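No hydrogens, no waters, no symmetry mates; every other heavy atom, side chains included, goes into these values. It should be emphasised that the depicted structure is a prediction, and the values quoted were computed from it without experimental measurement. Per chain, numbering begins at 1; letters A, B, ... match sequence-line order.
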There are 2 protein chains.
Amino acid sequence: MDGARGAPRRTPGMTDVARLAGVSHQTVSRVLNGHPNVKEQTRLRVRAAMEQLGYRPNRVARTLVTGQSHVVGIVAQNTALYGPTSVRTAVERSVNAAGFAVGVASVPALDRSSIAEAIGRLLDQRVAGVVVIAPVTSANEALDDVPDDLPMVVIGGDPGRLSRLVTIDQRHGARLATRCLLAAGHDTVWHVSGPAGWYDSAERVLGWREALLDAGAEVPPVLAADWSLDAGYEAGQLLARMPSARAVFAASDHLAMGVMKALRQAGRSVPGDVSVVGFDDIPEAGYVCPPLTTVRPDFAAVAEQAVRLLLSQLDGSPPDGPPRLAPVVPALVERDSVAPPR
Amino acid sequence: MDGARGAPRRTPGMTDVARLAGVSHQTVSRVLNGHPNVKEQTRLRVRAAMEQLGYRPNRVARTLVTGQSHVVGIVAQNTALYGPTSVRTAVERSVNAAGFAVGVASVPALDRSSIAEAIGRLLDQRVAGVVVIAPVTSANEALDDVPDDLPMVVIGGDPGRLSRLVTIDQRHGARLATRCLLAAGHDTVWHVSGPAGWYDSAERVLGWREALLDAGAEVPPVLAADWSLDAGYEAGQLLARMPSARAVFAASDHLAMGVMKALRQAGRSVPGDVSVVGFDDIPEAGYVCPPLTTVRPDFAAVAEQAVRLLLSQLDGSPPDGPPRLAPVVPALVERDSVAPPR
DNA sequence: GATGCTAAAGTGATCGCTAACATGCCAGGC
DNA sequence: GCCTGGCATGTTAGCGATCACTTTAGCATC
């Protein structure tokens, strides 16, 4: 029954510091929070006592009384996909830079109930605010359930949403990609799209179509895929059988890689026979053969904007405050996978 | 001054539920924690009251009194690199599956003070335990500073460490890769290594050398790089100038891709002139040209082992308990980047 | 009918902190 | 002299749960 050897002496609290410094615990609290009305001499004594005891303030207790945890929750899908991961990483960095800790509620899938539950879990932890990375329609519905007074920012949600949203201008990126192929002299551009339900997919289709229409080009049917390399490969096999398909805009670099592999296997060269443009600028993009022309979204900028927007809500500016931020515009990165038709 | 419309009615607490159900707060607590000695009828009344008020237990308060937060902290570098990200994702999944929430302390760099500080931040949040993903020597030092009684698991740390460590058998993976090239008929195998300070780098070098020595093959000098594609490219340029280099084991798929690009540019074909094997099995590996033979670590298995190990510490089994787990063994994935010399 | 035992509930203290108010002290103005 | 007021500090009351007791009720036993 005497159990663990070594006294189970718990970590020192404010009272311990106070006793050692010969003041009341409240004075210790004041020193801790930088309250002005403390004599310099006292402050030093308290600081010394803290040092000596190795005192660390208990954030949990503080959170209980203030109701503010200084933790920002991130809701994201549990995936290693490049895009979402990059956004997440960038958001974490920005959140930390703003002096907040991060709590993660990663969900297996982005359906309504999973997201609602994830937000609930974060709420139970009394997070100060939430960043939701959920660029799919099903996620958007869940967002209606969240209490109005919870500071929140959505990344990559419904572009039709009016507030608390930060996005990349997917449509503009898609236009860039398509125009680049058109400018190389192609009559039209085929499109391998991402999965249904993703705003990224839908917006990229829209941008592609717009660019085609603007140029008076024919609009071929969309080849629907998901985000996997395999799906790109399958779409590529289809494309390889159509000699008229000479230019392809793939909705992601992974899809583009799949397409190129299928094309290569079918004996069609890139960019000789077929030009290809991707989207995301994954690190590998410049190292496949041929190096892939693609569109680069600025994830860091998105994250910064999101955190800034969240912070403004925490500062108590009206919840429906800043009407709508301009989406972050991506840039075209030209490499060697585009050539004129021959 | 009347500020927000709508009474700032705070979220209901146990007392509110108790009042509505006509019991004491303690009974509510008992219902919440599934304590046996509660009459079925009472239990139902309390449940109904909770439902009606939309009651959610305050985890913060619970943590304060129990000292247990049911949050597992993850310390990891803030990066989107495939390996670390995959591990992290897998760990989050396992932690969630075990019924814990996750708090992340991502650090900009894996140096000693950053890690110590990150752990400190997590400690302040009273995390139940910590998973440190830090496969570098500088991180290992920081681990000596952590209090003995904090449940902790290190992923990818010093293989010499005796306990609380989960690793991938990097050395075995490297042997697999090297032997595969040797088995194809090559006299020897060159190695492009990861950056100094990473256990992954060091272990892979060791495994490579072992396999060479076992086969009685000559051991060429190591070409040191970091994890970037670019570094692989540079190493590849070197290799391309050495006609005798016919087989290369790159310490990661990214490095392999860089090497292959340089080789291709120099007019040397893979695997015709030079065979290449990578490490990691990134999703793109099967889609580069030629599809890359590589070594696949089982990240999910590592994560599960880590969480199991952590949980066993939480359950109060002795801190220095299970001596040492066997490292997770990776598997060779054969594709088309290896061929006999000609 | 007093006693004992157990299930089902209640009471009060406590976790470590902050907020609000109370106190003591010393300056200045009527 | 006494009030007013700003400092520097102490005191007390929570925040919302759990924990260690105590109390009450119900029933079998002596």
Side-chain angles (χ1 to χ4, degrees), chain A residues 1 8-47 49-50 53-71 101 120-121 123-128, chain B residues 8-47 49-50 53-71 101 120 123-128:
Chain A
M1 281 310 169
R9 174 175 82 297
R10 72 189 193 303
T11 74
M14 260 178 140
T15 333
D16 303 302
V17 175
R19 189 171 24 240
L20 182 60
V23 296
S24 78
H25 60 114
Q26 177 61 1
T27 298
V28 177
S29 169
R30 279 192 267 257
V31 170
L32 212 56
N33 299 351
H35 189 98
N37 290 349
V38 178
K39 225 197 296 182
E40 189 55 23
Q41 185 190 340
T42 314
R43 189 188 309 277
L44 290 174
R45 257 209 335 276
V46 171
R47 281 259 144 76
M50 287 176 171
L53 292 176
Y55 169 75
R56 308 218 48 161
N58 185 331
R59 292 205 160 275
V60 179
R62 182 204 292 249
T63 298
L64 180 59
V65 55
T66 60
Q68 274 283 323
S69 65
H70 268 81
V71 172
R121 281 195 329 246
L123 243 41
D124 291 348
Q125 291 180 57
R126 296 297 185 272
V127 293
Chain B
R9 174 175 81 296
R10 71 188 196 303
T11 74
M14 255 169 65
T15 335
D16 303 300
V17 175
R19 191 172 22 241
L20 181 60
V23 297
S24 78
H25 62 112
Q26 177 59 7
T27 299
V28 177
S29 171
R30 278 194 266 257
V31 170
L32 213 57
N33 299 353
H35 190 98
N37 289 351
V38 179
K39 227 197 294 183
E40 189 56 24
Q41 186 190 340
T42 314
R43 189 188 307 277
L44 290 174
R45 255 206 340 275
V46 171
R47 281 260 144 74
M50 286 176 172
L53 292 176
Y55 169 75
R56 308 216 50 160
N58 185 332
R59 292 203 161 274
V60 179
R62 182 204 293 247
T63 299
L64 179 60
V65 56
T66 60
Q68 275 285 320
S69 66
H70 268 81
V71 171
L123 243 42
D124 291 348
Q125 292 180 57
R126 295 297 184 272
V127 293

Side-chain N or O of Asn58(A) versus OP1/OP2 of dC15(C): is the shortest distance under 4.0 Å? no
Side chains of Met50(B) and Val28(B): closer than 4.5 Å at any heavy-atom pair? yes
Ranking dT11(C), dC17(C), dA9(C) by distance to the side chain of His25(B), first place goes to dT11(C)
Using the rule given for side chain to side chain contact (heavy atoms under 4.5 Å, CB included), can you reason through Val31(B) versus Arg47(B), listing the C-alpha separation, both sets of side-chain angles and the distance that settles it, and then say yes or no? CA-CA 8 Å; Val31(B) 170; Arg47(B) 281 260 144 74; 3.9 Å; yes
Does the side chain of Asn37(A) get closer than 4.0 angstrom to OP1 or OP2 of dA8(D) through an N or O atom? yes
Hey, does Arg126(A) have a side-chain heavy atom less than 4.5 Å from the side chain of Asn58(B)? yes
Picking from dC15(D), dA17(D), dA9(C), which would you name as closest to the side chain of Thr42(B)? dA9(C)
Can you check whether Thr27(B) has a side-chain N or O nearer than 4.0 Å to OP1 or OP2 of dG10(C)? yes
Strictly distance-based, threshold 3.5 Å: is any side-chain N or O of Thr63(A) a donor or acceptor partner for the main-chain N or O of Arg59(A)? yes
Distance below 4.0 Å between Thr66(A) side-chain N/O and dC15(D) OP1 or OP2: no
If I take atom CG in residue Leu64(A) and atom P in nucleotide dG16(C), what distance separates them, rounded to the nearest angstrom? 12 Å
Protein and nucleotides 21-27 of chain D: nitrogen or oxygen contacts under 3.5 angstrom:
none

Between Arg45(B) and Val23(B), is a side chain to side chain contact (heavy atoms under 4.5 Å, CB included) present by the stated rule, with each step listed? CA-CA 9 Å; Arg45(B) 255 206 340 275; Val23(B) 297; 3.6 Å; yes
Give the rounded distance in Å between these two atoms: CZ of Arg19(A) and C1' of dG10(D). 16 Å
Value in whole Å for how far the C1' atom of dG16(D) lies from CZ of Arg126(A): 9 Å
If only side-chain N and O atoms of Ser29(B) are considered, is one of them under 4.0 Å from the OP1 or OP2 phosphate oxygen of dT18(D)? yes
Reading DNA chain C from 5' onward, which residue's closest nucleotide shows up sooner: Arg56(A) or Val38(B)? Val38(B)
Rounding to a whole Å, what distance do you find between Arg59(B):CZ and dC15(D):P? 21 Å
Just how far, in rounded Å, is P of dA8(C) from CZ of Arg43(B)? 9 Å
Please tell me if the side chains of Leu32(A) and Tyr55(A) come closer than 4.5 Å, counting only heavy atoms from C-beta onward. yes
Just how far, in rounded Å, is P of dG16(C) from CG of Asn33(A)? 17 Å
Does any N or O in the side chain of Asn33(B) come within less than 3.5 Å of the main-chain N or O of His35(B), such that one atom is a donor and the other an acceptor? no
Between dG12(C), dG10(D), dT14(C), which nucleotide gets closest to the side-chain atoms of Val23(A)? dG10(D)
What is the distance from CG of Leu123(B) to P of dG16(C), rounded to the nearest Å? 14 Å
Within this structure, what is the CD-to-C1' distance between Glu40(B) and dA7(C), rounded to whole angstrom? 14 Å
Side chain of Ala61(A) only, heavy atoms from C-beta on: which candidate in dC17(C), dA8(C), dC19(D) is closest? dC17(C)
Short N-O contact, Asp16(B) and Arg19(B), less than 4.0 angstrom: yes
